[in-house]
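First up is the structure itself, then whatever we jot down about it.
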Amino acid sequence: MKVRVRFAPSPTGYLHIGGARTALFNWLYARHTGGTFVLRIEDTDAARNSQEAVDVILQGLRWLGLEWDEGPISGDATGSSKGDRGPYFQSQRRENYQRRVEALLSRGLAYEHEGAIKFKMQREAILIPDLVVGDVKRELTDREAVDPDFVIVRSDGQPVFHFVNVIDDLEMGITHVIRGEDHLSNTAKHIALFNAFGVKPPHYAHIPLILNQDGSKMSKRDTGASLAHYTENGYAPEAVLNYLCLLGWSPKNNREKMAMSEVVELFDLPQILRHNAKFDLEKLNWLNGEYLRDITDDRFRELGVHALAKAGVDTNKYPVDYVKSALDTCKGKVKTFGELPTYAGFYFRDEVVYDAEAAKKDFVPENKPRVAKLREAFANLGSFDADSVGAALAATAKELGVKNGVLVHPARLACTGNISGPSLYHLISIIGKEKTLHRLDAALQRMG
RNA sequence: GACCCUAUCGUCUAGCGGUUAGGACACUGCCCUUUCACGGCAGCGGCUCGGGUUCGAUUCCCGAUAGGGUCGCCA
């Protein structure tokens, strides 16, 4: 039987990072088994539904590269879709639910109660076979012991999640339900529903949750909980995806950075971890840096310009070649594009903003004659390429009887305002002689 | 309150009865170097506790504790 999995988010206006990982695991399993990855939108809660909210999910998945084989093409619930088991929006599947409710009603498996319709739940414990957790025997809670039946259709006629979710999985032929562990306890209800329809329940695989660094649940207000945080702060999708793979799953051979094709090959349900994982932004940043080092120069420039623009740094005022060269000196240096405005801002500003502490240390009278000498050397330079600049600095240092670093530090501070940054020789060569001399002069003035 | 899941360095993890408990991020030191980053080397740091089972438990069982989840006319 061909594997059919699904990611069934509800359009809440953002894509939770945990949801993104659930989608990823489903996608991986589909690709690993040659199965089908279905995207279904659970928009039963009309109150907080909008096409924009659906688009957020669609865009997020596309950004990650998690293409679905069946599902909506746009956020329009009435729009077209791909796949022959649609509609893929629950809001368009009302008749199905209605028919199923009636079937239950007519067979006495459900009954009306205060305007709502309740499902007659069995009173015994239910065994939940789970591919990740193992067999789980779900006993009734004290409340359920009093009344195990649950509402499947509200008094306003709206069917509830537990019901529509099962009906859709059933009708869409879903073979494996891979979802967050927060659904584990309720799976008993789902299994009972499948049984009521005389259908064998799908295989279940409940994956652990992603928690905050302090162990609390990641909620919308936590920074980093939304995928948008990564799309907007210049992360590379492949890095985010790679990091997500490593939360709750392991290739078991000490690999960290791996291509998706490799993960697809290795990924399987039984080896998914059973305990929750805390989200470690530092490690994601590291991985992102690894990917940023490998992406093409063009892509780096593209993302870099975007990140700078977002920070209010308009690169359009500068020649294309200048921007290109400037960004090239940053590649392999920054871990995330969020660092770029600070790292490379000096390229795109007239005034240099000095790091106060460094200025105190480097802009001292003792350095004045040295920097003055360096300025002179630069001024006399015919060719202003990086090699010439470096040679001039080295020659000056030698003449002065000091190590290169003695000149490098104040020069860097003068030209960039920072104590670290791109290769000094290259950056000086890029901003050009005029600006360099100007900045050295400004620094000289501050040395007393 | 009841039910369910979980428990290896700070974090992500390898381990599946006998290991000097391995790797990665972070952190510290050194080397390389025009700064930083990268890279290289070294270091710091862990099996929640208590009972069993066993010749022997991080590993198996039970309990406790802790964390997470669920018990809705939310999804």
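Convention: sequence-line order gives letters A, B, ...; per-chain numbering from 1.
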Straight-line distance of A/Ile167 CD1 to A/Gln98 CD, nearest 0.5 Å: 11.5 Å

A/Ser423 side-chain proximity, nearest of B/rA24, B/rU35, B/rG68: B/rU35

Span that lies between the C1' atom of B/rU11 and that of B/rG46, in whole angstrom: 12 Å

Ring centers of A/Phe337, A/Phe300 separated by less than 6.0 Å: yes

Residue A/Lys252, side-chain heavy atoms: nucleotide from B/rC4, B/rA14, B/rA24 that is nearest: B/rA14

Touch class at under 4.0 angstrom, heavy-atom based, for A/Leu424 against every strand present: base

Touch class at under 4.0 angstrom, heavy-atom based, for A/Leu140 against every strand present: sugar-phosphate

Upstream residue (5' side of RNA chain B) when A/Asp142 and A/Asp135 are each assigned their closest nucleotide: A/Asp142

Pair of N/O donor and acceptor under 3.5 Å linking B/rU35 base with A/Arg412 side chain: yes

Nucleotide of B/rU13, B/rC74, B/rA37 approaching A/His275 most closely (side-chain heavy atoms): B/rU13

Touch class at under 4.0 angstrom, heavy-atom based, for A/Gln213 against every strand present: sugar-phosphate

Separation between the P atoms of B/rA14 and B/rU6, rounded to whole Å: 15 Å

Base B/rC71 to side chain A/Ser185, donor-acceptor N/O within 3.5 Å cut-off: no

G-U wobble or Watson-Crick pairing nucleotide for B/rG17 (cut-off 3.5 Å, both distances): none

Short side-chain to backbone donor-acceptor contact, A/Asn276 and A/Leu209, under 3.5 Å: yes

Between B/rC61 and B/rC3 - C1' atom distance, rounded Å: 22 Å

A/Arg143 side chain near B/rU70 phosphate (N/O to OP1/OP2, under 4.0 Å): no

Nucleotide forming a Watson-Crick or wobble pair with B/rA42, both distances under 3.5 Å: B/rU28

Rounded P spacing from B/rA24 to B/rC38 in Å: 14 Å

Touch class at under 4.0 angstrom, heavy-atom based, for A/Gly421 against every strand present: base

B/rC44 and B/rC27, which share atom name C1', separated by this distance in whole Å: 8 Å

Touch class at under 4.0 angstrom, heavy-atom based, for A/Asp182 against every strand present: sugar-phosphate

Aromatic ring proximity, centroids under 6.0 angstrom, A/Phe279 and A/Tyr243: yes

Shortest side-chain distance from A/Ser420, nucleotide among B/rG69, B/rC73, B/rU35: B/rU35

Any-strand Watson-Crick or G-U partner of B/rA37, both distances under 3.5 Å: none

Member of A/Asp297, A/Asp294, A/Thr296 meeting the side-chain hydrogen bond (donor to acceptor under 3.5 Å, both in side chains) criterion with A/Lys331: A/Asp297

N/O donor-acceptor pair, side chain A/Lys333 with base B/rU35, under 3.5 angstrom: yes

Span that lies between the C1' atom of B/rG67 and that of B/rC73, in whole angstrom: 32 Å

Sugar-phosphate only, base, or nothing, as touched by A/Tyr243 at under 4.0 Å among non-hydrogen atoms: nothing

Sugar-phosphate only, base, or nothing, as touched by A/Glu139 at under 4.0 Å among non-hydrogen atoms: sugar-phosphate

Between B/rG68 and B/rA26 - P atom distance, rounded Å: 27 Å

Inter-nucleotide C1' distance (B/rG10, B/rG39), Å rounded: 25 Å

Any donor-acceptor pair under 3.5 Å from A/Gln90 side chain to A/Ser10 backbone: no

Sugar-phosphate only, base, or nothing, as touched by A/Leu273 at under 4.0 Å among non-hydrogen atoms: sugar-phosphate

Side-chain-base donor-acceptor pair under 3.5 Å for A/Asn276 and B/rG68: no

Distance test, side-chain N/O of A/Lys335 to OP1/OP2 of B/rA26, below 4.0 Å: yes

Pair assignment for B/rA7, Watson-Crick or G-U wobble, requiring both distances under 3.5 Å: B/rU65

Any donor-acceptor pair under 3.5 Å from A/Glu339 side chain to A/Lys335 backbone: yes

Sugar-phosphate only, base, or nothing, as touched by A/Ser250 at under 4.0 Å among non-hydrogen atoms: sugar-phosphate

